[in-house]
Trainee: 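Below you will find the structure I want to go over with you.
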Amino acid sequence: MKILNGMLASGMGGMEQMSVTYMKAMIADGNEVHALYMADSPYLAELKAMGVHLHLMKSRSLYNPLNALKIAKIINQVNPDVVILHGNRVMRLARYPLISKLIRSKAPLIGKAHNFDCKYLPIMDFSIATTRYWQKELTKLTHKPVFYLPNTVKITPKRQPVFHKPPVIGSVGRLHINKGYDILLNALAILVQKGVKTKLIIGGDGPERESLQQLCHQLKLDDIVTFAGWIKDKETFYDTFDIFCLSSRTEPFGTVVLEAMVRNAPVVTTDCAGPLEMIEDGVSGLIVPINNAEKLAEALQTMLTDEKKAHKMAQNARQTVEEQYAFDIFVKELHHLMTKAIAQH
């Protein structure tokens, strides 16, 4: 099968990382893979080493019809069996009015939104949803077939973690208001007031970095909080902390939760759509309401002060990943999805 995988972002966030994972799965399945990518993407060397055929864009402006024209030319040049597009920008440009009529390829266009901004999914032939909840919502929105395909994570060797002294809480993601890091910092302040000894390390970067650092200073947490920036070696990073915390206000899926689960890190998460389908409260992690620093602090304290219980939940979480979210399962399901889209188109 010949596949064109498109994504027009240049960062290192969840969408960018998952787009690369899709191509790894396509290659593992024996396909010829082409990438429609930005010329300044930090993943180009990795993709080239994987054997991906690169087709690069220097601009991604939605207001420049020349970008849509170039994408039409690339699709015609590749003549793929199926096209998978990640994010609103590339979806809109691929269906640009009038210019999209120049596309001779009959390949189905499958759209994948990696957040709740999915206004251009209705112009795709098919969509991909990472949760059952979101599959139902997208079906209502698009009135077209929506495939269910949860994200995946590499199954790394099992480890037997022992809490640091003091134990370390970790989190990773784009520093954006949706991630709720302000709630996490306030929860940490509550733990300090209760005399619970711990540290916090946050991986990632984004528009909220300065305001979060200011809040950290206001709460007098500077000595126990580290902002680590974007993380290249995630496996090593996850091993530097003892408990993983997702404090998001919204989360369509939350691949970082899977990454923590596979590294045997006990998980505390808010009750967003994605984590709710991955974590069983009290069995494979702890779930708290969004925007509630007090409940988040309470759950973190439970994990921090009962290492045996925390590690038992982490073991259950690891088993969930192996049985439901392993890469080989993802490869098979992605193959089935694309084959079905071609047959139905």
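Source: prediction; values computed, not measured.
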Trainee: Please list all pairs passing the ring-ring contact (aromatic ring centres under 6.0 Å, His included) test where one or both residues lie in residues 159-189, with sequence neighbours left out.
Mentor: F163-H311
Trainee: Is D223 atom CG crowded by more than 12 heavy atoms from other residues, nucleotides or ligands, each under 6.0 Å away?
Mentor: no
Trainee: What residues, two or more places apart in sequence or in another chain, satisfy side chain to side chain contact (heavy atoms under 4.5 Å, CB included) together with A25?
Mentor: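 For A25, the residues satisfying side chain to side chain contact (heavy atoms under 4.5 Å, CB included) (neighbours in sequence not counted) are F327, F330, V331, L334.
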Trainee: Got a second to check how far K58's NZ is from L66's CG, nearest 0.5 Å?
Mentor: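 One finds 13.5 Å between NZ of K58 and CG of L66.
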Trainee: Going by atom type alone, with no hydrogens or angles, which donor-acceptor pairs under 3.5 Å involve a side-chain atom of residues 69-78 and a protein atom two or more places apart or on another chain?
Mentor:
residue	atom	partner	partner atom	Å
K70	NZ	L56	O	2.8
N76	OD1	R104	N	2.6
N76	ND2	A72	O	3.3
N76	ND2	L102	O	3.1

Trainee: Distance from S41 atom OG to E46 atom CD, nearest 0.5 Å?
Mentor: 9.5 Å
Trainee: Would K165 and D242 satisfy salt bridge (Lys or Arg N to Asp or Glu O under 4.0 Å), going step by step from the backbone distance to the final call?
Mentor: CA-CA 10 Å; K165 297 185 183 297; D242 305 296; over 6 Å; no
Trainee: Is there side-chain contact between L246 and V256, with at least one heavy-atom pair below 4.5 Å?
Mentor: yes
Trainee: How long is the gap from CG on D125 to NZ on K106, to the nearest 0.5 Å?
Mentor: 11.0 Å
Trainee: I need the minimum non-hydrogen distance between A317 and M261, along with the two atoms involved.
Mentor: O-CE, 3.4 Å
Trainee: Compile the donor-acceptor pairs under 3.5 Å between side chains in residues 187-203 and protein atoms, sequence neighbours left out, one pair per line.
Mentor:
residue	atom	partner	partner atom	Å
K194	NZ	Q301	OE1	3.4
T198	OG1	P167	O	2.8

Trainee: Looking at OG1 of T131 and CE of M278, how far apart are the two atoms once the value is rounded to the nearest 0.5 Å?
Mentor: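 That separation rounds to 9.0 Å.
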Trainee: Does any non-hydrogen side-chain atom of H345 lie less than 4.5 Å from one of I342?
Mentor: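 Sidechains of H345 and I342: no contact.
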Trainee: Less than 4.5 Å apart, any side-chain heavy atom of N88 and any of K119?
Mentor: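 In contact.
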Trainee: Which atom pair, heavy atoms only, marks the closest approach of P122 to K144?
Mentor: O-NZ, 2.8 Å
Trainee: Which value, rounded to the nearest 0.5 Å, describes the distance between I169 atom CD1 and L184 atom CG?
Mentor: 6.5 Å
Trainee: Tell me whether F227 at atom CZ has more than 12 heavy atoms from other residues, nucleotides or ligands lying less than 6.0 Å away.
Mentor: yes
Trainee: Flag the pair I128 / I110 as yes when at least one side-chain heavy-atom distance between them is below 4.5 Å, and no otherwise.
Mentor: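 Counting from C-beta outward, I128 and I110 do come under 4.5 Å.
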Trainee: Taking ILVMFWY side chains as joined if any heavy atoms are under 4.5 angstrom apart, and letting links pass through other members, which residues group with L98?
Mentor: none
Trainee: What distance do L258 atom CG and Y325 atom OH have between them, rounded to the nearest 0.5 Å?
Mentor: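 So the gap between those two atoms works out to 6.5 Å.
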Trainee: Ring of Y120, cation from R95 - is the NZ or CZ under 6.0 Å from the centre and inside 45° of the axis?
Mentor: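 R95 over Y120 ring: no.
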Trainee: Apply the test side chain to side chain contact (heavy atoms under 4.5 Å, CB included) to residues M313 and V283: give CA-CA distance (whole Å), side-chain angles for both, the deciding distance (0.1 Å), then the verdict.
Mentor: CA-CA 5 Å; M313 283 191 277; V283 177; 5.9 Å; no
Trainee: May I ask whether F253 and L138 are part of the same hydrophobic cluster, defined by side-chain heavy atoms of I, L, V, M, F, W, Y residues being less than 4.5 angstrom apart, directly or through others?
Mentor: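 No, F253 does not connect to L138 through the hydrophobic network.
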Trainee: Are any of the side-chain heavy atoms of T21 and N151 separated by less than 4.5 Å?
Mentor: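 They are not in contact (no side-chain heavy atoms under 4.5 Å apart), so the answer is no.
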Trainee: Test ring-ring contact (aromatic ring centres under 6.0 Å, His included) on Y37 and Y43; report intermediate values, then the result.
Mentor: CA-CA 9 Å; Y37 253 51; Y43 293 101; 7.4 Å; no
Trainee: So which pairs with a foot in residues 276-286 pass side chain to side chain donor-acceptor pair (under 3.5 Å), sequence neighbours left out?
Mentor: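 Listed by first then second residue: nothing to list.
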Trainee: Can you tell whether the side chains of E322 and R318 come within less than 4.0 Å, N to carboxylate O?
Mentor: yes
Trainee: Checking side-chain hydrogen bond (donor to acceptor under 3.5 Å, both in side chains) for the pair Q315/K158: CA distance, chi angles, key distance, verdict?
Mentor: CA-CA 9 Å; Q315 291 172 9; K158 291 183 179 180; over 6 Å; no
Trainee: Would you call D239 and R159 a salt bridge, using N to O less than 4.0 angstrom?
Mentor: yes
Trainee: Mark yes when over 12 heavy atoms from residues, nucleotides or ligands other than K234 sit less than 6.0 Å from its NZ; otherwise mark no.
Mentor: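 Correct, the count exceeds 12.
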Trainee: Does a side-chain heavy-atom distance below 4.5 Å link I287 with T270?
Mentor: no
Trainee: Applying side chain to side chain contact (heavy atoms under 4.5 Å, CB included), name anything that partners E32, two or more places apart in sequence or on another chain.
Mentor: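 Listed in chain order: K2, H34, H53.
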Trainee: Find out whether Y238 and V172 are in side-chain contact, i.e. whether some heavy atom of one side chain is under 4.5 Å from a heavy atom of the other.
Mentor: yes
Trainee: Quick check: are there more than 12 heavy atoms from other residues, nucleotides or ligands sitting under 6.0 Å from CD of Q344?
Mentor: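 Result for CD/Q344: enclosed.
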Trainee: Tell me which pairs pass ring-ring contact (aromatic ring centres under 6.0 Å, His included) where either residue lies in residues 63-114, with sequence neighbours left out.
Mentor: Y22-H86, H86-H114
Trainee: Minimum heavy-atom separation for W134 and C118, please, with both atom names.
Mentor: CZ2-SG, 3.8 Å
Trainee: Considering residues at least two apart in sequence or located in another chain, which fulfil the salt bridge (charged side-chain N to carboxylate O under 4.0 Å, His left out) criterion with R89?
Mentor: none
Trainee: N5 and S19: side-chain hydrogen bond (donor to acceptor under 3.5 Å, both in side chains), yes or no, with the steps?
Mentor: CA-CA 8 Å; N5 188 79; S19 173; 3.0 Å; yes
Trainee: Is there a side-chain contact between R60 and S10 (heavy atoms, below 4.5 Å)?
Mentor: yes
Trainee: If we ignore angles and hydrogens, is there a donor and acceptor under 3.5 Å between the side chains of Q218 and Q214?
Mentor: no
Trainee: Identify the two heavy atoms, one from A314 and one from A265, that lie closest to each other, and give their separation to 0.1 Å.
Mentor: CB-C, 4.1 Å
Trainee: Ignoring hydrogens and geometry beyond distance, is a side-chain donor-acceptor pair present between S61 and N67 at under 3.5 Å?
Mentor: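 N67 and S61 do not have a side-chain donor-acceptor pair below 3.5 Å.
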Trainee: L85 vs M124, test: side chain to side chain contact (heavy atoms under 4.5 Å, CB included). Steps then yes/no.
Mentor: CA-CA 9 Å; L85 302 175; M124 296 288 99; 3.9 Å; yes
Trainee: Among residues at least two apart in sequence or on other chains, which ones pass side chain to side chain contact (heavy atoms under 4.5 Å, CB included) with P42?
Mentor: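 P42 satisfies side chain to side chain contact (heavy atoms under 4.5 Å, CB included) with M12 only.
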Trainee: Would you please test E251 and K179 for salt bridge (Lys or Arg N to Asp or Glu O under 4.0 Å) and show each step?
Mentor: CA-CA 8 Å; E251 200 67 63; K179 298 300 182 181; 3.0 Å; yes
Trainee: Hydrophobic clustering (ILVMFWY, side-chain heavy atoms < 4.5 Å, transitive) - are I3 and L337 grouped together?
Mentor: yes
Trainee: Apart from I290 itself, what residues make up its hydrophobic cluster, given side-chain heavy atom links below 4.5 Å?
Mentor: none
Trainee: Salt bridge check: are R249 and D182 linked by an N-O gap of less than 4.0 Å?
Mentor: yes
Trainee: List the residues meeting side chain to side chain contact (heavy atoms under 4.5 Å, CB included) with T250, not counting sequence neighbours, and say none if there are none.
Mentor: F116, N178
Trainee: With M91, which of L109, L8, L121 fulfils side chain to side chain contact (heavy atoms under 4.5 Å, CB included)?
Mentor: L121
